[in-house]
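Note that the coordinates shown come from a computational prediction; the quantities given were computed from them, not determined experimentally. Any value given below was found using the heavy atoms of this structure, including those in side chains, with hydrogens, waters and symmetry copies removed. Numbers here are sequence positions counted from 1.
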Amino acid sequence: PQVRAWIAAAQAGDRAAFDALVGLYYRAVYRTAMAALQRSEDAEDATQDAFVLAWRKVGAFRGDSSFKTWLLTIVWRQALDRRRTRNIWWRRRQTPAVPEDTMWDDGLGRVATSDLDPERLADVRGRLTQVRQAITRLSPKLRDTLLLAASGEHSYEEIGAMLAIPVGTVKWRVAEARRILTKEFA
């Protein structure tokens, strides 16, 4: 009920109500952008762009889906546009490839604790690099769906709405991506 009240107030132009919605959904929006972009700076920009666009279009929200799904669809499209633009820019610049360790800021590198001895820490970091590389080699459709599902922020129904695909396709893509990764590391 509170969320519906904030939505109605935001549609009437109440910035404080929209700020409350931003606070409620910021984490899910940011993680969605991270799933598409794999770089915290780009994800922050896409998140900001999505909230600005959502504020402009909140009056057009009809309630056909949940507000969260509507918002996540906006950020997903913003992130894909940003990724496309970034890729075009990189191709035009023809710069050397970005090292794997700086390409992803997905938090996996912080999994290892300082309690590990240097040899074990190096082994964990090496495995994380291998996992990142394997995920990068997946097709964009499989990779994006897997990363959205693995973020833990979205149900399969929400992912299907964001990607405009049936839930069954979401489930298949996640299972297929996991199958490929499992086979690669078996």
Side-chain angles (χ1 to χ4, degrees), residues 3-4 6-15 17-93 98 103-107 132 135-178:
V3 172
R4 283 193 294 266
W6 286 337
I7 293 168
Q11 287 177 320
D14 184 349
R15 281 190 177 265
F18 189 76
D19 288 346
L21 292 167
V22 169
L24 181 64
Y25 295 118
Y26 183 86
R27 183 171 183 238
V29 168
Y30 175 78
R31 290 187 60 124
T32 300
M34 273 297 292
L37 297 166
Q38 287 98 32
R39 291 178 52 127
S40 60
E41 299 85 9
D42 289 337
E44 289 169 9
D45 290 343
T47 298
Q48 180 69 27
D49 292 347
F51 280 124
V52 168
L53 185 59
W55 169 249
R56 288 186 193 144
K57 296 186 178 250
V58 72
F61 175 68
R62 297 184 315 250
D64 296 339
S65 63
S66 72
F67 186 79
K68 180 181 178 184
T69 300
W70 178 77
L71 192 56
L72 293 178
T73 301
I74 290 173
V75 73
W76 185 252
R77 290 183 180 147
Q78 290 291 316
L80 291 183
D81 287 346
R82 183 171 291 279
R83 183 169 71 185
R84 208 173 298 119
T85 302
R86 182 181 67 193
N87 289 343
I88 289 168
W89 185 84
W90 275 110
R91 277 186 292 229
R92 287 183 182 160
R93 294 273 310 182
V98 177
M103 189 172 104
W104 291 45
D105 181 16
D106 54 9
R132 287 181 181 130
I135 291 172
T136 301
R137 287 191 297 271
L138 292 170
S139 72
K141 288 181 180 181
L142 293 178
R143 181 181 60 239
D144 291 346
T145 309
L146 175 68
L147 291 173
L148 283 170
S151 75
E153 294 290 329
H154 318 292
S155 68
Y156 282 177
E157 290 77 15
E158 290 171 336
I159 295 169
M162 282 189 286
L163 301 178
I165 58 175
V167 173
T169 303
V170 172
K171 291 177 181 180
W172 178 86
R173 286 181 183 177
V174 170
E176 182 65 10
R178 288 177 178 161

List the steps and the verdict of side-chain contact (heavy atoms from CB on, under 4.5 Å) for Tyr25 and Val3.
CA-CA 11 Å; Tyr25 295 118; Val3 172; 3.7 Å; yes
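Interatomic distance, Lys68 NZ to Leu21 CG, rounded to the nearest 0.5 Å: 13.0 Å. Here CG of Asp49 is found 10.5 Å from CG of Asp42. Values are rounded to the nearest 0.5 Å.
For Ala161, the side-chain contact (heavy atoms from CB on, under 4.5 Å) partners are Thr69, not counting sequence neighbours. Shown here are the ring pair (Phe, Tyr, Trp, His ring centres under 6.0 Å) partners of Trp55, two or more places apart in sequence or in another chain: Phe18. Scanning for ring pair (Phe, Tyr, Trp, His ring centres under 6.0 Å) contacts around Tyr156 gives an empty result, with sequence neighbours left out. Partners of Arg27 by side chain to side chain donor-acceptor pair (under 3.5 Å), not counting sequence neighbours, listed by chain and number: Glu153. Residues forming a side-chain contact (heavy atoms from CB on, under 4.5 Å) with Ile165 (at least two apart in sequence, or on another chain): Leu163, Thr169, Val170, Arg173. Legend: residues meeting salt bridge (Lys or Arg N to Asp or Glu O under 4.0 Å) with Asp14, ordered by chain and number and at least two apart, are absent.
Asp144 is listed as a side-chain neighbour of Leu80, based on a closest heavy-atom distance under 4.5 Å. Side chains of Trp70 and Ile74 form a contact here, defined as non-hydrogen atoms less than 4.5 Å apart. Side chains of Leu142 and Trp172 form a contact here, defined as non-hydrogen atoms less than 4.5 Å apart. Side-chain contact between Thr47 and Arg31 is absent, with no heavy-atom pair separated by less than 4.5 Å. Looking only at side-chain heavy atoms (C-beta outward), Leu53 and Arg77 stay at 4.5 Å or farther from each other. The side-chain heavy atoms of Leu71 and Phe51, taken from C-beta on, include a pair separated by under 4.5 Å. Here the side chains of Trp6 and Val22 are not in contact, with every heavy-atom distance at 4.5 Å or above.
The backbone N or O of Leu37 sits nowhere less than 3.5 Å from a side-chain atom of Arg82 that would complete a donor-acceptor pair. With Gln11 contributing its side chain and Val58 its backbone, the two residues share a donor-acceptor pair below 3.5 Å. Listed for the Glu44 side chain is no donor-acceptor partner under 3.5 Å among the backbone atoms of Glu41.
Residues Leu72 and Met162 share a closest heavy-atom pair of CB-SD, 3.3 Å. A pairwise comparison of heavy atoms in Ala43 and Ala33 identifies O-CB, 3.7 Å as the closest pair. The shortest non-hydrogen separation linking Ala177 to Leu138 is CB-CD1, 4.0 Å. Considering every non-hydrogen atom in both Ala46 and Val75, the closest pair reads O-CG2, 4.0 Å.
Ring geometry, Tyr30 versus Tyr26: the interplanar angle falls under 30°, so the pair is classed parallel (tilted spans 30 to 60°).
Electrostatic pairing of Asp45 and Arg39 does not count as a salt bridge here, judged by no charged N lying under 4.0 Å from a carboxylate O.
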